[in-house]
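A note on names: the letters A, B, ... follow the listed sequences, proteins ahead of strands, and every chain is numbered from 1.
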Amino acid sequence: MLLNANLEKKKTMSTIIEQEKNTNGWEPRIVAFFCNWCTYTAADLAGVSRLRHAPNARIIRVMCSGRVDPQFILDAFSKGADGVLIGGCHPGDCHYMEGNYKALRRMQLLKRMLKDMGIEEKRFRLEWISASEGERVKTVINEMTEQVRVLGPLGLPKKFKDWDKELESLEQAVHGEEEAVHV
Amino acid sequence: MSDKPKVAFYWCASCGGCEESVVDLAESILDVVAAVDIVMWPVAMDFKKKDVEAMADGSILVSMVNGAIRTSEQEEMAKLMRKKSKLVIAYGSCAHMGGIPGLANQFQREEILQYVYEESPSTVNKEKTRPKMKFGINGNSVTLPIFFNVVRALDQVIDVDYYLPGCPPTPKLLKQAIEVLLSGKLPEKGAILAPDIALCDECPKKDTKPSDLKFTEFKRPHWTKIDPNTCLLAQGIVCMGPATRGGCEGVCISGNMPCTGCFGPTSRVKDQGAKILSALASQVEAKDEKAINETLATIPDPIGTFYRYGLPSSLLRRKNF
Amino acid sequence: MKYLSFPGCSLRSTGRAYEESIVAVAKALEIQYEELKDWNCCGATSYVSIDEMDAFALAARNLALAELQSAEGTINLVAPCSACYLVLSKTERYLEDYPNVSANVNAKLNKAGLHYNGRVEVRHPLDVLVNDYGLENIAKRIKYPLKGLKVACYYGCQVVRPFSKFDHSHYPVTMDKLVQALGAEPVDWPLKTRCCGGSLTGTTQEAGLRLNRLLLKEAQKRGADIMVTCCPLCQHNLECYQERINRIYKEKIELPVAYFTQLIGVALGLSEKELGMQRLFKKPSLEHITHPKGEMANAW
Amino acid sequence: MHGNGHNEPMRIGFYVCHCGHNIATIVDVKALAEYVKTLPGVSISREYKYMCSDPGQELIQKDIREHSLNRVIVASCSPLLHEHTFRTAVEKGGLNPYYFQMVNIRENVSWVHTDTKAATEKAKDLARAAVQRVFHHKALETKHVKIHPDVLVVGGGIAGIHASLTLANAGKKVYLVERQPTIGGHMAMFDKTFPTLDCAACILTPKMSQVKNHPNITLWTYSEVSKVDGYVGNYKIAVKRKPRYINEELCVGCMDCIEKCIYKEGKTPDEFNVGLSKRKPIYIPFPQATPQIVVIDRKTCIEFKSGRCKKTCIEACDRKAIDFTQKEEIKEIEVGTIILTTGYQIFDASRVPFYGYGKYPNVYTSLEVERLVNASGPTGGELILRDGRHPKTVGIIHCVGSRDKNTNRWCSRTCCMYSLKLAHLLKEHTDAEVYNFYIDIRAAGKSYEEFYDKLLDENVHFIRGRVAEVSDWAVRPSEEGKLIIRAEDTMIGIVRRVPVDMVVLAVGMEPQADSQDVRRMFNISCSTEGFFLERHPKLAPVDTFTDGIFIAGACQGPKDIPDSVAQAGAAAAQALTLIDTGEIELEPNTAFVVQEECSGCRTCLTICPYNAISRDEAKQKAFINEALCKGCGTCVAACPSGAIKQNLFEDEMIFSEIDGLLKMEQSACC
């Protein structure tokens, strides 16, 4: 029997089990970077206006969407975020003149790269939400939560662990095989 | 046997250039040989695994292991060298960050095997035969190492003391490293034995970079008539210099080729690719989404360009399936 | 520059003179003008109001064929008939703007082994002649400047509305500029784009004629010797019913109505036959149009 | 690059605020406080009813003293609301205010969620993030900036005039810069003003001469701001003074030179009369122009065109004020605050060709009519049409270039009222029949509606309907030689053709053609239409997002005279507040370059919107001028080798926040 195939089977089995474990009771975890002047203010407005929405987003306040370093997004994913949302001022309205354009340029390229890295597009979103658009904060967070829910967990930390299991699991397999041979 | 400190080189998933780079020391290799006993050096000397196994644990002063970890054999050898050595240095980009072999992390193991043994244009294999992991020859059984699904940097498999970056590391850095190690004045554990400042600092074309650079398109070196006296970024060519640790003294740049990032990021940066992406995209001229994407589309392969040497040690490590 | 032509049904029936004159003028100006092979009905304005998607598919077939006929780059598909121009333009626009439409339509096209990739730009001959070829270049080739000829330019409703691709949708001037370049004098009148009656002349004729009459009367009142148009239906309406209008409304309308391309032809010195002049009911009196040397335009 | 860079052990004090019931009813505050106790570095974790109350603040201060806390976190409302409060409290407690961090569990949690379990989980995540974050907090100093007392006012229309006078009367030195040869702006061109019908000149010209004569006002007309450097309190301005070829000190405005110009008649369309009359190359815009100084227009002056003019003007001037050699001059000034009152331009009526402007001579814009009915206008106030006739019927078309998505979407706010005014004046001057074609009559303003009623009594006709076209297409003998206005009368639902002798187009108000350039020069934003953007539409209507720069009048949006004046006053007051405070506090969230880590790659130089980053050519490294840095952090995100850091928002802080947010509790962890 081919060892590879055998291992493949093992792996797939285990991943299936994992997924079941993950998905029951699992809630999407979204990290949101909101700019101080527009989107964070809009989130406050949503609060003041009691616009109830999904509790799945965790907001990190930055002064400008231009401060959002692509590293933050990758780091968030690698630490277990299922989705990342960035909120900035509308084009032309940036408190810092052009920070949001810089964000736009970076995120366009990052989006492409994430796609190549097998991370579904809907897990990453850039939104212009002005200080007056509390309603929009609600809609966007609800939408994104549902879209991510459909995609299921990304669960990179978990995956990293699984990948490293490869080392031991393959080792055992080898030694198993070798013993078998030596008998 | 002499009591000269023992030094070993080993070669995992890599092109071999790293091992050969030791020879680049030219005549000063003689000083090295005079100062140390080389107990393992696959490319140049005939030592076997068993010779190393025979040594006492920690009896080797330093092992310079190059190459990424891609198979169980490499894993096994890396662990062996670790066991036998006081210090392990990840030697060269592949050991340091996964290197070129690490680009395989964009594919599933099965995809790769399938391509190599069945689909690649140069393959003739009607029966679609795959190598057996184990087979018997006149009573003895031979096993093949296992081909992992994930390519790893050395420190993702064993504990690493120092890193010597580069594809390959330059003789100068190697020499410095050996001198430091022999001097006994050991740097802080985990140190990368190269300057902690980006390449531009020592770039020969440094002064020709304008302070108001904006990109309308990115050019590819082989499609461009490169002006040897001007900053490559200023000519619209993607150069990783600003996001790459210096120390190579701009060898590629002097050869009129852009930096592709083999020295990896500075200590302040978690993800080299993300950083250069951020820096370049920030300087795109266009403002509306369509125009921006037109400019960015001139970078055909972001991963291959920004993570050429560092995919396994990047934040995402590999393509997610 | 190379152009594909989409004649449409009118230019093969009531509007033959239009096509003949376009082809003649294109030839004289050395413009490559080649007919779209195997073209089909544009669906006209009526089909769209019945089933938009099917109508788009019908029109899109022509766009897809155009792509087959010329290998690469943008294709200029010239549609002289206003209805064709509008329908094809609309199809082109919708296929570009609405992914669902293009998906749906292409699915239909695929059944016929066709696919539309969005390379076609639908153009009107007026646009092509004035904006691509250029008034100066036309002026250079004029043999018989139309001195003293007062021309009322009539655009009709569809060339500039709703898509004002090359001129203002309320007050177009392209044809007036052209007429000026030919040496004639465009009559300034505000009815350039008012309704000619369209198909009403065939259905609710009373209404059709009323609208029709307003145009003719005003043009004549403003001293026009001739009215030129760029739409076969307009030309037909404005030319054919003059007798009837005079009878019913006690008017004295005597106004030749030609295609703008015919007028160009005359200025270029092309023959009556080439320009299909013989097909006009009222032959424009162009006697006074003579060659600078005094010899008369060969056509007259 | 993780872990706490400091050696001292963390002693974090964490405080959960109930905010009465606002938070406590949704978030399990006890559980939250208990949970935080378990986190590394936390010394104390309490919950209290109102943290922002005095006892709440004292609680923090007491703990700082007794437990020598070195970090403080309050989980309550939005930092935008109370961050300052708590920072001050912490400072009073003897700790650097920037060791404080706030967690928003009201606006971001209790007010937007209903499920206690989920809300509490989220609160825990946010708390954990903050706890991990403060490890990296550093002691910082609050920046203070001195405010230079002088003020620059750009634009000498009614808004600029009013702002300048207000400030000057308060004893501040004002530089008023106007592009035209005279101040007065559009208002000076108007005849009478609605709804009171007092004449514009009578109320404006006194203010104009006050400006001229005020000891605190430096008036620079025929000048433009060419460069703006610096930041709030310390702006460096360059003003380009265009040569008017007249020595301003010597000229007394006697106009002899104009009289003696070799042009006996004017040849150039007169700007002030919107082209309804002609002026000579040497001229004064209008009799009450301020300053009363002649100007020579080099585009039309023979001397400049040919150099072969007799220069009779020079002979005519016994004060020898005329100087053909005059050159452009650049004035450099320093001011602390800036007020922009650059006004508006009128909509170009030829953009709607179907109204026939520029085609039919008797179609006028409202501004032209203002001049036409003005006693000092081209016709001395007699209403003579371009074809010499006196109109018997006039049609006024409202909303030309307003409320129309083909041109401008917005309502220009003033057109309804000035159309009513013009209707009144036209009747007064000609006793013509006047028809108003309107979409809605917007007469919102003190005694505006009453004015509308008055007009109705004056038998002005009002037809509610958008005009389709203006043409000379007569279908009835009665229409011959007239302009026919076609419009649907939506009140009775029929299309009407109204033949008139004169058409008045009530053109809308637009941003100045160069508003984008001005915006860029002053580092402020524009709204999508191109009007200058106020900091807050309701609560900061004359502030901009750039500290120390204020806006007033029609440059911020269409406005009538009273509103412009009111805003000008407000802007002046805002400037005064800054000036009299003497200095302002700045958040120390600026960025800085760690010199030994900078490779001098210049990436940051290209992207700083404030040119705060320059290159130390000697060291070949980037250097950030803290005073210019506004703290957006975009350079930090872009620095490819991580050599730039931002106070309060260092990478480590944000990375540890991310880590904290996502680190699941041991129990929940896989």
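Between D/Asp651 and B/Arg268 the shortest side-chain heavy-atom distance does not fall below 4.5 Å. Between B/Lys209 and D/Thr603, some side-chain heavy-atom pair lies under the 4.5 Å cut-off. For the pair B/Ile197/D/Glu597, no side-chain contact is recorded, criterion being any heavy-atom separation below 4.5 Å from C-beta on. For the pair D/Lys621/B/Asp201, a side-chain contact is recorded, criterion being any heavy-atom separation below 4.5 Å from C-beta on.
Around the NZ atom of D/Lys143, the shell of radius 6.0 Å holds more than 12 heavy atoms that belong to other residues, nucleotides or ligands. Around atom NZ of B/Lys189, more than 12 heavy atoms belonging to other residues, nucleotides or ligands sit under 6.0 Å away. Dense packing is recorded around CD of D/Glu617, with more than 12 heavy atoms of other residues, nucleotides or ligands lying under 6.0 Å away. Within a 6.0 Å radius of NZ in B/Lys214, other residues, nucleotides and ligands contribute more than 12 heavy atoms.
With a threshold of 4.5 angstrom between heavy atoms, D/Glu596 approaches chain B through N, CA, C or O but not through any side-chain atom. There is no contact between D/Lys619 and chain B, counting heavy-atom distances below 4.5 Å. Residue contact with chain D, scored on non-hydrogen atoms closer than 4.5 Å, involves the backbone and the side chain of B/Pro242 alike. At a 4.5 Å heavy-atom cutoff, the contact between B/Pro210 and chain D is made by backbone atoms alone.
We find the OG-CD1 distance between B/Ser211 and D/Ile613 to be 11.0 Å, quoted to the nearest 0.5 Å. In this structure, SG in D/Cys601 is found 9.5 Å from NZ in B/Lys206, a value given to the nearest 0.5 Å.
Side-chain atoms of D/Thr606 do not come within 3.5 Å of backbone N or O of B/Gln283 as any donor-acceptor pair. At distances below 3.5 Å, at least one donor-acceptor pair connects side-chain atoms of B/Lys275 with backbone N or O atoms of D/Cys639.
Between chain B and the residues D/Ser641, D/Cys635, D/Cys598, the most heavy-atom pairs under 4.5 angstrom are made by D/Ser641. Counting heavy-atom pairs under 4.5 Å between each of B/Leu213, B/Ile276, B/Asp196 and chain D puts B/Leu213 at the top. Of the listed residues (B/Leu233, B/Asp207, B/Leu199), the one with the most heavy-atom contacts under 4.5 Å to chain D is B/Asp207.
Here the shortest heavy-atom pairing between D/Ala638 and B/Ser278 reads CA-OG, 3.8 Å.
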